[in-house]
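Working notes for the structure below.
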Amino acid sequence: MSLLQTTNVIKRFGGLVAVNKMTFSVDEGHIVSIIGPNGAGKTTFFNSLTGIYRPEEGEIMFKDHSLIGLRPDQVSARGISRTFQNIRLFGSMTVIENILVGMHIRLKQNALDALFRSKKFHAEEKEAEQKASDLMEYVGLKNVGNELARNLPYGGQRRIEIARALAANPTLLLLDEPTAGMNPNETEDAIKLFRRIRDEKGITILLIEHDMRVVMGISEHITVMDYGEKIAEGSPQEIRKNQRVIEAYLGREAASSKD
Amino acid sequence: GQPPAATEAPVVTEAPVATEAPTEAPVVSMGTIKIATQSPLSGGQSLLGVAIKQGAELALEQLGGELAAMGYDVQLAPYDDQATPDVGVANAKNIVADSEILCGVGHLNSGVMIPSSEEYHTAGLAFISPANTNPVVTTRGYLEVNRVVGRDDVQAPAAEEYAFSTLGAKSVYIIHDKTAYGQGVAEFFRVAAEEDAITVVDFVGTEETANFDAIVTPLVAAAPDVVFFAGIYNQAGVFFKQAREAGYEGTFLGTDGMDSSDLADLAGDALTSGGGMAYTTVAGPVSAYPAAATFATDYTAKFGAAPEAYAAQAYDAMGICLASIKAAAEAAGGTPTRAQVAEAIRAISYEGLTSTIAFDEIGDLPLAKYFIIKVNATSKDTWGSNEIIASFDLASPGK
Amino acid sequence: MGKLLELTNVHSYYGHIHALQGISLHVEEGEIVTLIGSNGAGKSTTLRTISGLIHAREGKVHLDGKDITHTEPHIVVSQGVGHVPEGRGIFPKLTVQENLEMGAFTVNDQKIIKDRLDLTFELFPRLKERISQFGGTLSGGEQQMLAIGRGLMQNPRILMLDEPSMGLAPVLVDVIFDTIKKLNEQGTTILLVEQNALMALSIAHRGYVLQTGSIVLTDDAAKLKKNEMVQKSYLGID
Amino acid sequence: MKTFFSELYKKANSGFWPIFITLGLLIAGTISVYQSPRSLSAFLTLMLCPLLVYFMKINMKVKTFIGLILVIVILPVLGIRNIFYLEVIFQMAVFAALALGLNIVIGMAGLLDLGYVAFYAVGAYTWAIFGSKQLSLLHSIPGAAPAGAEFALSPNYFWLFLFLGVGLAALAGILLGLPVLRLRGDYLAIVTLGFGEVIRVLALNLDKPINLTNGPQGITPIQRPPLPPEFILSPIRNLLTPIVGHVPSEAEFYNVFFYFLALIIIMIAITVATRLEDSRIGRAWTAIREDETAAIAMGIPLVKMKLAAFAAGASFAGAMGALYAANRTFVSPETFSFLQSIGVLTMVILGGLGSIPGVIFGASAVVILNIQVLQNFSLYLSELRQSDAVIPIINFAWKDLSNQLDPAKYQKLVFGIILVVMMIFRPSGLIPAERRKRELVEDKE
Amino acid sequence: MKQFTSNPFYKFILFPIGQIIVFALGASLVLSLFTVLLAYIFRGFMTEFDLVERVLLILPQVVINGLTIGFVYSTIALGYTMVYGVLEFINFSHSEIFMVGGIVGVELMAYFDHTGALQTMNQYVIIALAILLGMVISGSLAVTVERVAYKPLRGAPRLVPLISAIGMSFFLQDAVRLILSLTTGEFNVILPNFGTFDEFLILAVPGIATPLRFQIKSILLVGVTVIMLVGLNYLVNGTKVGKAIRAVAQDRPSASLMGINVNMIISITFLIGGALGGAAGVLFALKATKLDPFVGFFPGLKAFTAAVLGGIGNLTGALLGGLILGLLESFSASYLSTFTNGAFGAEYKDIFAFAVLILVLILRPSGLLGQTVGQKA
Ligand SMILES: Nc1ncnc2c1ncn2[C@@H]1O[C@H](COP(=O)(O)OP(=O)(O)OP(=O)(O)O)[C@@H](O)[C@H]1O
Ligand SMILES: Nc1ncnc2c1ncn2[C@@H]1O[C@H](COP(=O)(O)OP(=O)(O)OP(=O)(O)O)[C@@H](O)[C@H]1O
Ligand SMILES: [Mg+2]
Ligand SMILES: [Mg+2]
């Protein structure tokens, strides 16, 4: 059964149709990729899913509930977390604080608990901090918990973004070009991380990437967009051979190179 | 060119000067006495506020000799109330905490005087106001609060009387500056006008100081006989000018807030054209007080500018402080307490520049002078050509 | 061929973070030189120090023999150093066209401007489609194209590119590298920072390897490509 | 030279030295203020103690103890000796509470509020209207109070209205917040500025059609809550009489009383602020401040959080407003001007945006500067002018100083210069927040 | 058509003037219609007089008043908006820059008065000289202030320069007062009387009972501001400097990488904003006839509000915002009392302006003409 199902989603900017009649689904427990040329509408599609944009037409169902009209925080509460293409960390908060912010919706404390420092509050804070440092380790960051997020190098910031997204215990994780700016070795690590997230935590992953090693390496299913529309769909093998995809996106060389 | 402080002060106090002061004995130091002033020394109203301070300063210099002769080092402690109640009150607390301060002169704004005097009252420190005309200043009946000027609930009806009887006004437009002073005056005027069945075309308050177009337009359309402005000259002057330019032909009327030669510079012809302009005041021009002639020259010599309104009153207020302290000191046979000074002030009869001053049981002048002045001046230099068309001694309405 | 650019023992800091710890390198006229290194090694910082966005606390930067260590960026740029920064630095409220024109701010020759504009649009037809869209609303890859295009518009003697392939679709990555090569053949010196070290080394003449703020290795590109350590750490070849 | 001082500092800040120095200063300060109650330098010395306590390496418990002794015993006693100090510390307390509230809105949630005194006004007028005779004057002309007007409520109701003030101010915060939450940054600033003006203009003008606020005349007298009963007061009075040298009057007791009330509110404010800050709510505020889009994508409900910040900030102002009205027994619209809002903002930023000890210190510093140092300085200069003093070297007699240069007239000028200079040399404030301190170091270069 | 729109004469002269006219007339018309409509609706409630007639009687004058002050606001607002656009902070001391310009201009005229030249020289030459001097002094002052009080603060947290600006504002008020009062203790500066500026141009319009009266100084004021607005428009949109200003506004490091001297551009921005403020000061002085060191505050506040209303950072927005605010003020001050039969009056005009501001911002969170081109997610 599909976890996320969109039907005919359309998002326009003025005259430009950035996402055009996207019908698309993600099965629970899968790693699914969206690829496509620059400006194809991938990020816009993500933004439509997460409530940052409200699509003009179409339906988005998540766990059999519609997401249309929900605010981003409500979408997040339903179990969808994301990272951003241009890193958007809380730069002058520490790494650990960033992750704690990610936990916001999972924490139960209210203002009164905070004011009176109830037992519940202490227990929860302690647990949250523990969980945050576990997460940091999980994504491969050590001993940087008290650094300001913006002082970390690019790759490190990408990892915090992922950890922050995981902190909300999502069912579905949306990653927008998570390995951009990473070198091949780091990319390898990231691939392993994504696999582990899916295998160990059972989180479904939807991914936008331009790095074919990632896309071809871990996706069960790939959707290709161009000019807002879905132009192809299938397994990595199918996509790699798809003539239209090669022309519009992969280029001859990449298509022929080993993964 | 100042007269040395010890010589011939132009003042005769109730108790004639200590003629039999021991001449040979060196003056024994009796300590310091301070007299505070509080008035806006900075900000938009500082012109008048500084005049109050300087009037008092001059008085201290010229009249402080007797106390000095008794061995006191008399000092001025000038405070800046910034025309704001909060600052005034804070300063007041500072003033009352200084035990060397035995008397005070201030404030300019009734809105500042009223809350500040609560502090003076609690601390028993006497203050003499040279400028506050709002009735509430004295109607609370505090021993420590006095004033050497008249009251708005007399002044404003006097202005109305002038409008009704002399000018024969049938309709009036009332505008005020949204201060405690301006609005107070305006309300008294309105009540009086309604009693005489004058039509009040509109009753407007405005904080605007520069561009009155929007107010003037309906005013000109309504064309009332008289426009009564309750506020301060530097707002009014601009307003008069713009109203005339826009075609208003009636008479402008105001109260003591208009009393500054700057008004003429600001408004120019607007004051004399059409129905002209007149104002009531509690502080007549220096020329109205024969005793004040030397004051004006001394003041100008010392401070480089002619005295603004209330400078002479501040001079008198300071004079009363000095005389009362002296009287109290003599009665007490040493440095007096504040209470003694406050009592002495109420008991005094003081020959001041502006009149012979004595206070009634709430600190008002039993008979205060009110003037109606018609403005003939169109510039600062001719301010002296204004005519006192009436002057009355009116009794204080009391509590 | 002289040393167009030379860094001697450069130390740069962000506050108390010692990002460059004594970098010495040079770029000769007509070369393509690449800097490789893992995240946080200091590649971007090196470029920023050269263009004057930050100033070295110690050491010297020379351009054509002239000391530019403490020169302000606009002067460095006007002396022929182009810098396409990491993170793109697009003017979000200028249109694509205006962004490109900004690139040519110091160029007065209208012909060059026109040529370069044509070149940019030829490379990235996508930009032409988006010509009057605001820079801030472009997609990530489109912004990258715009940043590179803007760098081209500067017509610099030496062009410094910070991860130009980031976020670009595979087809375009090829285009970018071809273009760099072509530009170089036409006489532009190139200093290239790339995560895609394999491709960078394929077109470069020489390369430097950075590790935590220091240069650990330098050699001809071809040789670096075969270096075991480089292969292992940066090319992802075990 | 520099190393010499830093060595000295290190030495002074290790072992028993800190306690020694701090206590020494405290005692010296106390004695000198006691001896010469009007000396500014003595008072400033004493006021340095809390700073020292804050910076020195001393056991937290000892710190708290010293601080409490100073705030609860020494200051009030010295205040009764010189009543002006009570005013100073009361104002410090009032503005510290305001600054703490504003700090929640600006420092934590990053919402620039330029009309903060509006909430202060709400609190003040709430008690002013009900705690005075105003209710029976609703149909009278402002200024002309007819005889026979009565207080509507017993002074005991003050306590109720203290809470009502808090509630109403918080409500006003929410009402203001609701329509404007979509606004970012400086749009919000101007709207809050407008809101501040609206409240002031309403206070100024709601004397008609019905006379709710008495317009520019302001409302007076306003009742004060009753003092604690005599059986508590009289032992205190007996105890204090020999110490302060006179029998403390009711007025003095009232000032102490209000000071303590203000202290309690500050304590609550500090507790609320710190506890909220390191909780999920505080983190959410910081996140919003940093990047709204990312924050909302992390599941933080923007509207709710921003409203919470507005309401929390406003409520302190409301409490202080009610307290202020009772202390002054007078309110008028002038107290709630735009400049006042700016003043509180200045305290927050001067002290250190986001830093709780910072904003308290900022508030104290500005109050002392404004009502004490500058006034004293100009009084001192004017004393010089009245004396025969001469500036040595250039042989300039103070007497000859032009009247136009009278320093008493230029307090604002000096204040302005201090602001600019402070910002240039300590942009992160006098006691920067830990977070900002880190940020700033990295921003340099 | 395309050819025509890219014609510089059209682009830099006709178009902006047209825009100003459209804004001015449009805003006036909308407000007038709205007011008259209200008057019709409430006609029955006023027994003593005919509300509609009352309204129509002074309507033309109210509109003229509103536009006149609106142009002043616009010109000051431009200074705020330019600085805001580039440095993203509210330059609180701009109101003092404005004040200084006005005072300098008036002092020049007073000097001419003193030497007697005032009566002999052509009145327009005098005004032109005064405006010029005001622009030069205010412009340089603004640049100096920037150098001294803001430049050292680049990179500091956002609110820091705001406080520095507030400090500057206090300082300038008192410093100007000090200078003015050095000789006599007097600090009001009063416009000397000369020329025919107070007179009215009377225009009888068929169909309207009362003829329209335009005061010469109002015409002058509007004329000069329009010229300046057009000039500014050209500078910002038609020259390289303008482009550089926009680039610096959006991304300083990137701008410097384009070869733009960021510090110089910031100085230029302050120079232009200051000069506009100075000119506005002189024009305002013509209208107000009296200035003092504290006169800047209210117009400054209004102008800033206008800048936000129009969409801060947007020059056209500042123009539109100023006009609307001026009109609103004029309408509310003139009519509120009539409509409510004295219960509410001119004293509510600012509330009115702020209420409209809030309303506009609720509907358009970035002001009338401000665009929200945020970073993408
Ligand atoms: N706010 C906007 N206004 C106008 N056009 C927009 C806006 N946002 C995006 N676009 C356009 O919509 C198209 C899709 O953008 P989107 O960011 O979704 O692309 P993408 O597939 O993520 O590309 P990339 O791989 O480069 O990140 C682009 O052409 C972009 O220019
Ligand atoms: N603005 C900044 N403030 C503080 N530290 C920074 C800043 N920018 C970079 N750094 C630090 O300086 C070091 C070098 O960073 P730099 O950006 O030069 O690395 P890089 O080699 O370009 O890495 P990447 O491949 O991730 O871009 C890193 O440790 C980084 O954390
Ligand atoms: Mg994208
Ligand atoms: Mg980098």
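Residue numbers begin at 1 in each chain, while the letters A, B, ... track the order of the sequences.
A salt bridge between Arg190(B) and Glu195(B) is absent, with no side-chain N of the basic residue lying under 4.0 Å from a carboxylate O of the acidic one. At a threshold of 4.0 Å, the pair Lys178(B)-Glu207(B) does not count as salt-bridged, since none of the basic side-chain nitrogens sits closer than that to a carboxylate oxygen. Salt bridge annotation for Glu249(B)-Arg244(B): absent, with no cationic side-chain nitrogen under 4.0 angstrom from a carboxylate oxygen. Between Asp262(B) and Lys290(E) there is no salt bridge, since no side-chain nitrogen of the basic residue lies less than 4.0 Å from a carboxylate oxygen of the acidic one.
Atom CD of Glu329(E) and atom OG1 of Thr305(E) lie 9.5 Å apart (nearest 0.5 Å). Once rounded to the nearest 0.5 Å, the distance linking CD of Gln54(B) with CG of Leu76(B) reads 10.5 Å.
Between the side chain of Glu208(B) and the main chain of Ala210(B), a donor-acceptor pair closer than 3.5 Å is present.
Listed in order of number, the residues of residues 293-304 of chain E that approach chain B to under 4.5 Å between heavy atoms are Phe294(E).
Taking the six-membered ring for Trp and the full ring otherwise, Tyr348(E) and Phe344(E) have centroids separated by under 6.0 Å. Between Phe239(B) and Phe229(B), the ring center distance clears the sub-6.0 Å criterion. Taking the six-membered ring for Trp and the full ring otherwise, the centers of Phe295(B) and Tyr315(B) sit less than 6.0 Å from each other.
When each of Asp292(E), Val72(E), Asn188(E), Leu291(E) is scored by its heavy-atom pairs under 4.5 Å with chain B, the top score falls to Asn188(E). Chosen from Ser334(E), Ala333(E), Ser330(E), the residue pairing most often with chain B at heavy-atom distances under 4.5 Å is Ser334(E). Ranked by heavy-atom pairs under 4.5 Å with chain B, the list Gln215(E), Lys349(E), Glu347(E) is led by Glu347(E). Chain B forms more heavy-atom pairs under 4.5 Å with one residue of Tyr335(E), Phe200(E), Phe331(E) than with any other, namely Phe200(E). When the candidates Ile215(B), Val204(B), Leu266(B), Leu219(B) are compared by the number of heavy-atom contacts under 4.5 Å with chain E, Leu266(B) comes out ahead. Residue with the most contacts toward chain E among Ala246(B), Gly247(B), Ala306(B): Ala246(B) (heavy-atom pairs, distance under 4.5 Å).
In this structure, chain B has no heavy atom under 4.5 Å from any part of Gln173(E). Proximity to chain E (any heavy atom under 4.5 Å) is restricted, for Gln242(B), to the side chain, taken from C-beta onward. Using a 4.5 Å cut-off between heavy atoms, Asp202(B) contacts chain E through its side chain alone, with no backbone atom that close. Of the two parts of Ile58(E), the backbone and the side chain both hold a non-hydrogen atom closer than 4.5 Å to a non-hydrogen atom of chain B.
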Worked check of ring-ring contact (aromatic ring centres under 6.0 Å, His included) between His176(B) and Phe203(B): CA-CA 8 Å; His176(B) 66 86; Phe203(B) 185 90; 5.3 Å; yes
